[in-house]
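Atoms within a ligand are numbered from 1 in the order they appear, just like the ligands themselves.
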Amino acid sequence: MQHEAITEIQAAQTLDDLQGVKTRYVGKSGLVTKELGTLGRLPPEERKARGAEINAVRQAIDAALTEREGVLKRAALDAKLSSEAIDVTLPGLGLPSGGLHPINRVYDELIGIYERLGYAVVEGPEVEDEHYNFEALNVPWYHPARDLQDTFWLEDGRLLRTHTSPMQIRYMVEHEPALKVVVRGKVYRYEATDATHESMFHQLEGLVVGEGISMADLKGTIAEMARGLYGASAKVRFQPSYYPFVEPGADFAVWWENPRGESKWLELGGCGMIHPNVFKAVDDLREAQGKARVYEGQTGFAFGLGPERIAMLKYGVPDIRYFYANDPRVLGQFRGELG
Ligand code: DAH
């Protein structure tokens, strides 16, 4: 009986099975219990030996039950723990990905073109001195651009730069010719906003100074940019224009082949040959800082354009204010691919 009981105990796979075996052998009416109940019917001289025998069987069965119970309890706990553990094979939760702002995409494209042409890329202060923003750029005090309506003036007499052109001055004060540089950054105008005007927008400014630089170099550079933006067959148009810091000055436009069928000349920005007064203003600043006058007599060109206009047409955004309203319905369309 001991042998069978122990075999059954070891075969029990669950605590319920084990409980069944326990009841069958050592429960109130179990086989071992019944056997103990028969002792009274034995002759007294046999009782003691038989009693000891059955007790030994009972102890062996109890020991086996206790051991098996421990094993099954541990197994049950392990199963519970592993069912609660992290399943590393489950698919993860998708994290929303960001994306580059459309203006940064256009900047990256433009700056990539100029980097391949060997230009340095710089930024500059948005809070600017009047002298750099206007005076040194040959914008006299009576020029309408100085009007209170165009400029955000600060209480200390400085201003928010109205264009990136003051970085021409800052860069030339710090560097000697020859040089090629583009400036990226925000500019500010104090004016009412509408679908094509914001009080904050961006510019890309170019400056090239060196021996023998001519208007032909300027036109070739703008044409190269147009080809980089719109492909090998891009067409460029120049029209005479006036900017105080260049002479001659021009506006340039690119023929924009619209896939939706409204192709047109896209007025991108202004450009021209650097005015001698600008070189003189740079040399005056350099001299005041103990640096050599090296710009008078140089030639060079400059240009400035706005990436917003390119981005509006490229991405079909009808209102410049959408770029800066932080509305996820607009910017969410530029998520994911970074290009
Ligand atoms: N600074 C001018 C503006 O904000 C743009 C510009 C025109 C920049 C002609 C230039 C230039 O460098 O040569 O309207």
Checklist entry - For Trp265 and Trp255, what are the C-alpha separation, side-chain angles and deciding distance, and is it a ring-ring contact (aromatic ring centres under 6.0 Å, His included)? => result CA-CA 5 Å; Trp265 285 106; Trp255 182 249; 5.4 Å; yes
Checklist entry - What's the verdict on salt bridge (charged side-chain N to carboxylate O under 4.0 Å, His left out) for Arg293 and Asp284, showing C-alpha distance, side-chain angles and the deciding distance? => result CA-CA 7 Å; Arg293 302 183 72 96; Asp284 288 347; 2.8 Å; yes
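Of the protein's heavy atoms, Glu205 OE2, 2.7 Å lies nearest to atom 12 (O) of ligand 1. In this structure, the protein non-hydrogen atom closest to atom 11 (C) of ligand 1 is Phe245 CE1, 3.5 Å. Protein heavy atom nearest atom 8 (C) of ligand 1, with residue, atom name and distance: Gly304 N, 3.5 Å.
Put simply, no part of Gly269 is less than 4.0 Å from ligand 1, judged by heavy atoms. Ligand 1 is never approached by Phe301 to a heavy-atom distance shorter than 4.0 Å. At least one heavy atom of Arg189 sits under 4.0 Å from some atom of ligand 1.
Residue Tyr243 places no N or O, backbone or side chain, under 3.5 Å from any N or O of ligand 1. The shortest N/O to N/O separation between Phe303 and ligand 1 falls below 3.5 Å. Backbone and side-chain nitrogen or oxygen atoms of Ala302 are examined, and one is located within less than 3.5 angstrom of a nitrogen or oxygen of ligand 1. Not one N or O of Thr162 is nearer than 3.5 Å to an N or O of ligand 1, by distance alone.
Between Met167 and Glu205, every side-chain heavy-atom pair lies at or beyond the 4.5 Å cut-off. Side-chain atoms of Arg286 and Val282, non-hydrogen and from C-beta on, do get closer than 4.5 Å to each other.
Residue Ser165 approaches ligand 1 through these ligand atoms, each under 4.0 Å from one of its heavy atoms: 1 (N), 8 (C). For ligand 1, the atoms closer than 4.0 angstrom to any heavy atom of Gly272 are 13 (O). The Cys271 neighbourhood of ligand 1 comprises atoms 9 (C), 11 (C), 13 (O), with distances under 4.0 Å to a heavy atom of that residue. Using a 4.0 Å cut-off to heavy atoms of Gln203, the atoms of ligand 1 that qualify are 3 (C), 4 (O). Remark: ligand 1 atoms within the under-4.0 Å shell around heavy atoms of Val246 are 13 (O). Set against the non-hydrogen atoms of Gln168, the atoms of ligand 1 under 4.0 Å away are 12 (O).
Smallest separation of non-hydrogen atoms from Val278 and Asn138: CG2-CB, 4.4 Å. When all heavy atoms of Leu207 and Tyr119 are compared, the closest pair comes out as O-CE2, 4.4 Å.
Tested against His163, the residues Tyr243, Tyr132, Phe245 include a single ring-ring contact (aromatic ring centres under 6.0 Å, His included) partner, Phe245.
Of the listed residues (Glu247, His163, Arg161), the one carrying the non-hydrogen atom nearest atom 1 (N) of ligand 1 is His163.
Taking a cutoff of 4.0 Å between a charged side-chain nitrogen and a carboxylate oxygen, Glu84 and Lys80 qualify as a salt bridge. Using a cut-off of 4.0 Å between Lys/Arg side-chain N and Asp/Glu carboxylate O, Arg237 and Glu267 are scored as salt-bridged.
Between the CD1 atom in Ile61 and the NE2 atom in His3 there is a gap of 12.0 Å [rounded to 0.5 Å].
The 12-atom threshold is not exceeded at NZ of Lys264, counting heavy atoms of other residues, nucleotides or ligands nearer than 6.0 Å.
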